Number of protein chains: 2
Amino acid sequence: MVYELYYWPGIQGRGEFVRLALEETGAEYVDVALLPARKGGGVAALNRYLESEDIERPPFAPPFLKAGRQIIGQTANILLFLGPRLGLAPRGTAGRLWAHQLQLTIADLVAEAHDVHHPISSGLYYEEQIGAARRRAKDFREQRMPKFLGYFERVIERNTKRSPWMIGDSLTYLDLSMAQVIAGLRYAFPKASARTLRDCPRLIALHDSAFARPRIERYLRSSRRLAFNNDDVFRRYPELDA
Amino acid sequence: MVYELYYWPGIQGRGEFVRLALEETGAEYVDVALLPARKGGGVAALNRYLESEDIERPPFAPPFLKAGRQIIGQTANILLFLGPRLGLAPRGTAGRLWAHQLQLTIADLVAEAHDVHHPISSGLYYEEQIGAARRRAKDFREQRMPKFLGYFERVIERNTKRSPWMIGDSLTYLDLSMAQVIAGLRYAFPKASARTLRDCPRLIALHDSAFARPRIERYLRSSRRLAFNNDDVFRRYPELDA
């Protein structure tokens with residue numbers, strides 16, 4: 001099956017969590033909105049699904065994945081679906097639920113990292129909410145990021161398989177997502193994330209191991225990997241880091 | 001099996017989405033933190049799981065559910081687990097994924113409704129962030145709430161079974177959650193929600209049908225149903241409504 005991924009062009013965003021799983025396993029996929037408009041790509045490709053009146057099960061927002069006739073939305077839900085098919089999920093039902101629980105906790109962290117620069121509204125420019133952003137950033141750096149990363153560090157520490165991964169002894173989609181979050185936080189908050197990660201040696205090792213996988217490494221060096229930038233979820237505004 | 005639900009005492013919060021599913025089906029459960037402290041209840045019951053060092057798969061935050069030896073966190077994940085067991089999930093795999101996708105979209109709406117009164121930090125009082133809250137509330141009332149509710153209204157409209165429910169022709173946990181969100185938005189934003197719901201007759205009908213189910217109605221009149229209040233996710237601050 002050739003999967004079709006639909007996500008905003010120009011940013012890694014939440015689409016990247018899906019891309020990493022597809023890339024690690026060499027799955028065939030088309031990143032539809034990255035095609036030129038004359039080939040059915042661009043934002044129009046997204047809007048066909050978001051605005052069309054004849055789609056029975058419309059997604060609320062990108063990313064969404066088309067697998068045959070099925071359209072699946074919500075990042076963590078896409079990975080819940082793809083994980084077992086790509087061989088990137090734990091084997092048993094309980095393990096899969098645990099992986100999904102952690103993926104949802106990652107989603108919460110990602111939403112909070114986004115809201116640091118957009119605490120009032122995604123519809124306003126950063127510059128229109130910079131005062132609130134400064135206050136939220138302080139809370140994120142001092143409370144939320146350490147709380148989340150400390151939690152994930154403990155999860156690896158308590159993995160009874162004593163592997164570098166979050167669950168069991170082989171890589172899951174969750175590890176790829178976790179590595180992506182570490183990379184994003186390092187981009188957005190170079191100073192604060194370095195401070196927090198001093199207490200998270202297992203997360204650093206997980207990031208390094210995940211991003212050194214041969215296919216992932218090749219992907220990260222390819223032109224398919226977009227650079228972090230300030231239209232994305234993780235943004236670098238020096239005044240929000242400290 | 002007797003389920004054990006763990007959630008902050010004194011509020012409906014995210015625990016309520018789980019309670020409604022358990023109540024609708026007459027499932028046996030203990031709301032552990034609502035027990036007196038001398039019977040192992042109170043916040044200490046939560047902290048045993050959140051802070052203990054010997055739990056292999058610790059939850060990040062309440063609510064979490066104990067089912068036998070399994071501990072399951074993240075509201076939508078708990079419902080993903082409980083739905084089929086309680087007979088409150090669609091039958092096929094694709095339907096279950098679609099239900100979960102919508103439940104995650106409800107979770108996003110709930111998080112945004114919370115952040116209206118806490119746009120800067122959950123660790124600060126409302127009064128310390130009231131300026132930012134006013135601005136975020138305007139965006140929520142005018143953009144986000146209409147966008148989310150308009151979307152859910154369309155989902156019911158496109159249900160090919162032409163039932164009052166969101167998926168198929170029988171009630172799922174998703175409908176109970178949706179009804180709870182409508183009730184919460186009406187409590188928090190009586191004026192703005194009335195305005196938005198004028199265009200959502202199907203959501204109003206779904207709310208009324210779900211909350212009129214015999215067991216749910218009995219539950220809502222019981223002392224187990226806590227009242228909405230301003231320590232909760234949905235809060236009524238007149239200055240945030242308009």
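Remember, it's a predicted structure, so these values are computed and weren't measured experimentally. No hydrogens, no waters, no symmetry mates; every other heavy atom, side chains included, goes into these values. The chains referred to below are lettered A, B, ... by the order of the sequence lines, with proteins before strands, and numbering in each begins at 1.
Your options are E157(B), K147(B), R144(B), and the one with the most heavy-atom pairs under 4.5 Å with chain A is K147(B). Interface summary for chain B: among F152(A), F140(A), F148(A), the most heavy-atom pairs under 4.5 angstrom belong to F148(A). In terms of heavy-atom pairs under 4.5 Å with chain A, the best-connected choice from R158(B), R135(B), E112(B) is R158(B). Chain A forms the most heavy-atom pairs under 4.5 Å with one residue out of I71(B), V155(B), I72(B), and that residue is I72(B).
Proximity of T75(B) to L104(A): side-chain heavy atoms (C-beta onward) are nowhere separated by under 4.5 Å.
Within residues 230-242 of chain B, no residue has any heavy atom less than 4.5 Å from a heavy atom of chain A. Of residues 81-95 of chain A, those residues lying under 4.5 Å from chain B by any heavy-atom pair are F81(A), A94(A), G95(A). Against chain A, the residues from residues 119-132 of chain B that qualify, each with a non-hydrogen atom under 4.5 angstrom away, are P119(B), I120(B), S121(B), L124(B), E128(B), Q129(B), A132(B) in number order. Contact residues of residues 50-61 of chain B toward chain A are S52(B), E53(B), I55(B), E56(B), R57(B), P58(B), P59(B), F60(B) (heavy-atom distance under 4.5 Å).
Neither the backbone nor the side chain of N159(B) comes within contact range of chain A, judged by heavy atoms closer than 4.5 Å. Of the two parts of N77(B), the backbone and the side chain both hold a non-hydrogen atom closer than 4.5 Å to a non-hydrogen atom of chain A. Using a 4.5 Å cut-off between heavy atoms, Q70(B) contacts chain A through its side chain alone, with no backbone atom that close.
We find the CD-CD1 distance between Q101(A) and I78(B) to be 7.5 Å, quoted to the nearest 0.5 Å.
Here the closest non-hydrogen pair linking R136(A) and H118(B) is NH1-O, 4.5 Å.
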